[in-house]
Amino acid sequence: MSYVFSPPAQPTVEVFGSEGRIPVRRIFCVGRNYAAHAREMGKDPDRDPPFFFTKPADAVVASGQTIPYPPETGNLHHEAELVAVIGTGGRDIAEADSLSHVWGYAIGNDLTRRDLQLTARDKGRPWDWGKAFDRSAVIGPVRPASVVGHPEKGFIRLTVNGETKQDADLAELIWSAPEIISILSRSMELRPGDLIMTGTPAGVGPLVEGDTCVVSIAGLGDIETTIGPRL
Ligand code: MN
């Protein structure tokens with residue numbers, strides 16, 4: 001057997017303070033997981049089961065990169081998020097056992113073409129064009145749970161050019177990481193290298209060329225992204 005063209009490189013993310021890398025398998029994202037953000041998107045927060053969308057693994061971008069302003073949008077938005085990294089796979093994972101499947105945590109920025117997402121949402125179409133575009137998943141260095149534990153509270157903040165835009169606490173998550181992992185694993189068998197972006201708090205807004213966006217989470221440091229010229 002031989003490939004008719006070279007297979008793509010395995011997307012990876014850095015492990016903080018290590019030469020090791022996390023091979024990224026899939027990126028799951030939770031929608032509307034902070035009440036104030038659900039309200040700013042024109043929806044009532046509720047305890048309906050969480051819903052998910054995905055991004056391709058090769059949408060990952062490291063901290064410190066300049067990302068070209070993406071095509072086909074006039075409303076690129078930032079979304080600060082806690083990211084859980086699955087290290088041990090499983091299906092039908094019990095909530096009480098969920099955290100034993102987490103290798104570590106990172107800071108993420110769920111970049112969103114908001115105009116395309118809202119058009120899709122309102123027309124009942126898939127969200128992919130708004131959410132799953134090239135370079136849409138900024139993921140910072142992963143910190144092992146053996147070092148940082150399992151963050152359940154503490155600040156999650158985002159600034160644009162030094163001005164605070166999102167400022168909330170991880171304790172405000174509607175669905176916690178253990179709940180999300182348990183629920184997700186009923187629908188999909190989780191595998192090592194699956195990333196889960198757990199949702200963004202209120203204060204999402206636009207990024208334009210020249211902006212520098214910094215996301216910080218208590219105990220996890222910060223990540224930085226600069227927006228370059230339109231492709
Ligand atoms: Mn998001």
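The residues of the chain are indexed from 1 along the displayed sequence.
Residue F16 places its CZ atom among 12 or fewer non-hydrogen atoms of other residues, nucleotides or ligands, all under 6.0 Å distant. Atom CZ of R91 has 12 or fewer heavy atoms from other residues, nucleotides or ligands within 6.0 Å. The 12-atom threshold is exceeded at CG of D92, counting heavy atoms of other residues, nucleotides or ligands nearer than 6.0 Å.
Hydrophobic clustering (ILVMFWY, side-chain heavy atoms < 4.5 Å, transitive): F155 and L220 are in distinct clusters. Linking Ile, Leu, Val, Met, Phe, Trp and Tyr residues whenever their side-chain heavy atoms come within less than 4.5 Å leaves I107 and V15 in two separate clusters. A single hydrophobic cluster is not seen to contain both L195 and F52; linkage of ILVMFWY side chains at heavy-atom distances under 4.5 Å, directly or through other members, places them apart. In the hydrophobic clustering of this structure, V13 groups with V85; members are Ile, Leu, Val, Met, Phe, Trp, Tyr whose side-chain heavy atoms approach within less than 4.5 Å, directly or through other members. When the side chains of ILVMFWY residues are joined at heavy-atom separations under 4.5 Å, either directly or via intervening members, V148 and W103 end up in two distinct hydrophobic clusters.
One finds the CG atom of N75 at 10.0 Å from the OG1 atom of T112 (value rounded to the nearest 0.5 Å). Put simply, CZ on R135 and OG1 on T66 are 11.5 Å apart, with the number rounded to the nearest 0.5 Å. We find the CD-SG distance between E81 and C29 to be 6.5 Å, quoted to the nearest 0.5 Å. Atom-to-atom distance recorded for D211:CG and T159:OG1 is 10.5 Å, nearest 0.5 angstrom. Separation of atoms CG (N33) and CZ (F51) is listed at 9.5 Å; rounding is to 0.5 Å. Summarising the geometry, atom CD belonging to Q166 is positioned 8.0 Å from atom SG belonging to C213; distances are rounded to the nearest 0.5 Å.
Between V204 and R114 the shortest side-chain heavy-atom distance falls below 4.5 Å. Looking at heavy atoms from C-beta onward, Y69 lies out of side-chain contact with P229 at the 4.5 angstrom threshold. Contact of the V102 side chain with the H150 side chain is registered, since non-hydrogen atoms from C-beta on lie closer than 4.5 Å. For the pair P68 and R230, the minimum side-chain heavy-atom distance is 4.5 Å or more. Looking only at side-chain heavy atoms (C-beta outward), Q10 and T12 come within less than 4.5 Å of each other. Side-chain contact check for Y34 versus I156: some heavy-atom pair is nearer than 4.5 Å. Under the 4.5 Å side-chain criterion, counting only non-hydrogen atoms from C-beta, I27 is not in contact with V83. Side-chain contact between S176 and L173 is absent, with no heavy-atom pair separated by less than 4.5 Å.
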Full working for side chain to side chain contact (heavy atoms under 4.5 Å, CB included) between V30 and W175: CA-CA 9 Å; V30 184; W175 295 95; 5.6 Å; no
task: Please lay out, stage by stage, how I227 and V208 fare under the test side chain to side chain contact (heavy atoms under 4.5 Å, CB included).
output: CA-CA 6 Å; I227 305 301; V208 298; over 6 Å; no
message: Working note: M197 + K55, criterion side chain to side chain contact (heavy atoms under 4.5 Å, CB included); need CA distance, chi angles, decisive distance, verdict.
response: CA-CA 10 Å; M197 303 187 78; K55 293 175 185 265; 4.3 Å; yes
- request: Kindly determine whether W129 and E72 satisfy side chain to side chain contact (heavy atoms under 4.5 Å, CB included), including the steps that lead there.
  value: CA-CA 9 Å; W129 261 227; E72 299 286 349; over 6 Å; no
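Of the candidates L76, L207, T226, T225, T225 is the only one forming a side-chain contact (heavy atoms from CB on, under 4.5 Å) with I67. None of D222, L158, D167 except one satisfies the side-chain contact (heavy atoms from CB on, under 4.5 Å) rule with S216; the exception is D222. A side-chain contact (heavy atoms from CB on, under 4.5 Å) with K131 holds for exactly one of L111, D110, L116, T54; it is D110.
Proximity of a side-chain donor or acceptor of H101 to a complementary backbone N or O of G89 within less than 3.5 Å is detected. A distance-only check finds no donor-acceptor pair linking the side chain of S182 to the backbone of A94 [under 3.5 Å]. Put simply, the side chain of S63 never gets that close to the backbone of I223: no donor and acceptor are under 3.5 Å apart. For E40 (side chain) and G203 (main-chain N/O), a donor-acceptor pair under 3.5 Å exists by modelled atom type. Within the 3.5 Å criterion, the main-chain N or O of T212 finds a donor-acceptor partner in the side chain of N161. Of the possible donor and acceptor atoms, none in the side chain of K165 sits under 3.5 Å from a partner among the backbone N and O of G205. One N or O on the side chain of D194 and one on the backbone of R26 form a donor-acceptor pair closer than 3.5 Å.
Contact between D115 and G74 at its shortest, heavy atoms only, is OD2-N, 2.8 Å. In this structure, I196 and I180 approach most closely via the heavy-atom pair CG2-CG2, 3.8 Å. What you find for I174 and P45 is that their closest heavy atoms are CD1-CB, 4.2 Å. Residues P151 and L170 come closest through the heavy atom pair CB-CD1, 3.7 Å. Of all heavy-atom pairs between H78 and N109, the closest is CA-OD1, 3.6 Å. Smallest separation of non-hydrogen atoms from L82 and I217: CA-CD1, 3.7 Å.
With hydrogens and angles left out, the side-chain atoms of R113 and T73 include no donor and acceptor closer than 3.5 Å.
E19 meets the salt bridge (Lys or Arg N to Asp or Glu O under 4.0 Å) test with no other residue; sequence neighbours excluded.
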